[in-house]
Protein chains: 2
Amino acid sequence: MEELAEAPTRPHRKQKRLGRGTLTKELIVEAALRILDEGNVNALTFARLGKELGASPTAMYRHFSSRDEIETAVADELIRISLDGYEPLESWMDSLRDLAYRAWHTFSDHPAAAMHTFYRVTLGPHEVRAVDAILEAVHRAGWQGREAVFQYQMYSNLVLALSGRNAAMLAAAAAAGADSGNFWVQEYRPARPQDFPYVSAHHDELRIKDGFEVFSGQVEAMLAAMKAALPAAS
Amino acid sequence: MEELAEAPTRPHRKQKRLGRGTLTKELIVEAALRILDEGNVNALTFARLGKELGASPTAMYRHFSSRDEIETAVADELIRISLDGYEPLESWMDSLRDLAYRAWHTFSDHPAAAMHTFYRVTLGPHEVRAVDAILEAVHRAGWQGREAVFQYQMYSNLVLALSGRNAAMLAAAAAAGADSGNFWVQEYRPARPQDFPYVSAHHDELRIKDGFEVFSGQVEAMLAAMKAALPAAS
DNA sequence: ACCTGAACACCGTTCAAGT
DNA sequence: ACCTGAACACCGTTCAAGT
């Protein structure tokens, strides 16, 4: 069986020259994400993009002015994936929790892409949807105006920072060839253990490693603080 | 007046060949941090290190096996700077807040270095001190064993992720030559504003940009959650 | 865990030339 | 916002040779 669906995204290599308009921003972004997902943090190069798309490496410059710009487009694509199928839930807290877990899992599924993009403001078409979705939940909770934006900033920045750092750790561990769960382990063997009594006393516990459990606790802490700070009207 | 203090860290360039043992891990790490602090996120190269230290670029390989290893050493150096002069305060909450603000300010002062290192577990000599300091405060609050480590993980991971993302945004803004405070501004001009009612209603508020105020709110949310979850004994 | 210089296989970006 | 190939100024890393 031929994979017919693959044809439009992966042009035949044997073709000598690509027709005009074969490449698009969308095709390049999808190829970039595919390349980053292979696991090598530094795999996204113009040469690799050219190979993936059966095009000359420099053809990308017709569509993006730099690698940085391609990465920012990947950032918006990750937001698109993360929001896919999202609908507000009955309670504003459930909505915010759902959005947080979506970001976490999207970043965990695409660690190298997330590592290079989680700190970017894309100002792209999907980012604006995410901002609107979070502000909607914050409004439903009872905040308005500047205070609503402040709550939005605290929440979304928290989620992106925590999910992004986790992705960076995953990507770095993969690059180091390490067991991809082991980066959470902090096993210290100081020369003078008596200088670090608390570290020594918790040597075994510091080997525990459930990133999502920690993330979940951090999200609940923020949601509880928001609930406690709800404006009186609600 | 000659800057005598500079001599040991910056060898004379005219010297043809460096004597054996001139280079040390410490000198290389200090040079690396100086280079990163110049503002260019990608400035840390072996060539640049060689120039900074008056040595051959490849001499670094006698002391570190890769650029990645140098960056991990820079990560530990940032922790050293951050802990400099730290003493536990009377209340465990004040201690944790102090440690959080130290990390934030250190990362803000060295954005490019922080961007490349905030997600690393260094297992180095200063990281173990930081872990011990946080565990000490968590113990004083009343936690022990596995639960103490979980509180430590929630808190330190929160602080590193938030301070690290801020540093990455600062570094990226500097690289883009942008006004270094403007990266916090999210000004959307969607084609169909009616599709994003909450974004449209908060157009002006989304220009507000005080990263530290947001960080402070996030830290207080976590401290409040910890206080609420204190074990009964305390 | 010594320092240097040559060498190798890359990499981002520019630009003149091809369709 | 067309696609290609040559060219330029880098970059990380290896390794034989120098002190």
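Both backbone and side-chain heavy atoms feed into the values below; hydrogens, waters and symmetry mates do not. A note on names: the letters A, B, ... follow the listed sequences, proteins ahead of strands, and every chain is numbered from 1.
Comparing A/E69 and A/M60 by the nucleotide of DNA chain D whose heavy atom lies nearest to each, the residue mapping closer to the 5' end is A/E69. Heavy-atom nearest nucleotides on DNA chain C were determined for B/A59 and for B/K25, and the one closer to the 5' end corresponds to B/K25.
A gap of 24 Å separates the P atoms of D/dA17 and C/dA1, to the nearest Å.
The side chain of A/R67 lies closest to C/dT13 when the candidates are D/dG12, C/dT13, C/dT4. Nearest to the side-chain atoms of A/F46 among the listed nucleotides D/dT4, C/dT13, C/dT4 stands C/dT13.
Within the 4.0 Å cut-off from OP1 or OP2 of D/dC3, at least one side-chain nitrogen or oxygen of A/H63 is found. Between A/R20 and D/dC3, a side-chain N or O to OP1/OP2 separation shorter than 4.0 Å is absent. Within the structure, every side-chain polar atom (N or O) of B/R17 is placed at least 4.0 Å from both OP1 and OP2 of D/dT19.
Side-chain contact check for B/H116 versus B/L36: some heavy-atom pair is nearer than 4.5 Å.
Salt bridge annotation for B/E38-B/R34: absent, with no cationic side-chain nitrogen under 4.0 angstrom from a carboxylate oxygen.
In this structure, B/N42 places its CG atom 15 Å from P of C/dC11, rounding to the nearest Å. Atom-to-atom, CG of B/L53 to P of C/dT4 comes out at 10 Å; the value is rounded to the nearest Å. Atom C1' of nucleotide D/dT4 and atom CG of A/L18 are separated by 10 Å, given to the nearest angstrom. Between the CG atom of B/L27 and the P atom of C/dA1 there is a distance of 17 Å, rounded to whole Å. Atom CZ in B/F64 sits about 16 Å away from atom C1' in C/dC3, given to the nearest Å.
Residue B/S66 is classed as a sugar-phosphate contact, given heavy-atom separations below 4.0 Å to backbone atoms only. Backbone-only engagement by B/L44 is indicated by non-hydrogen atom pairs under 4.0 Å involving sugar-phosphate atoms exclusively. Base contact: B/T58 has a heavy atom under 4.0 Å from a base atom. Across all strands shown, A/I70 has no heavy atoms under 4.0 Å from either base or sugar-phosphate atoms. Among the heavy atoms of the strands lying under 4.0 Å from B/Y61 is at least one base atom, whether or not backbone atoms are also near. Looking at heavy-atom distances under 4.0 Å, B/R62 makes contact with a base.
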Please tabulate, one pair per line, all N/O donor-acceptor pairs under 3.5 Å involving side-chain atoms of residues 160-170 of chain A, not counting sequence neighbours.
residue, atom, partner, partner atom, Å
A/S163, OG, A/V159, O, 2.9
A/R165, NE, B/N157, OD1, 3.1
A/R165, NH1, B/F118, O, 2.5

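In this structure, C/dG5 forms a base pair with D/dC15, meeting either the Watson-Crick or the G-U wobble geometry with both donor-acceptor distances under 3.5 Å. The nucleotide D/dC10 finds no pairing partner, because no Watson-Crick or G-U wobble arrangement with both distances shorter than 3.5 Å includes it.
Remark: B/F215 CZ to B/L158 CG distance equals 7.0 Å, nearest 0.5 Å. Rounding to the nearest 0.5 Å places CZ of B/R80 at 10.0 Å from OG1 of B/T106.
Side-chain atoms of A/Y155 and A/Q153 include no donor-acceptor pair closer than 3.5 Å.
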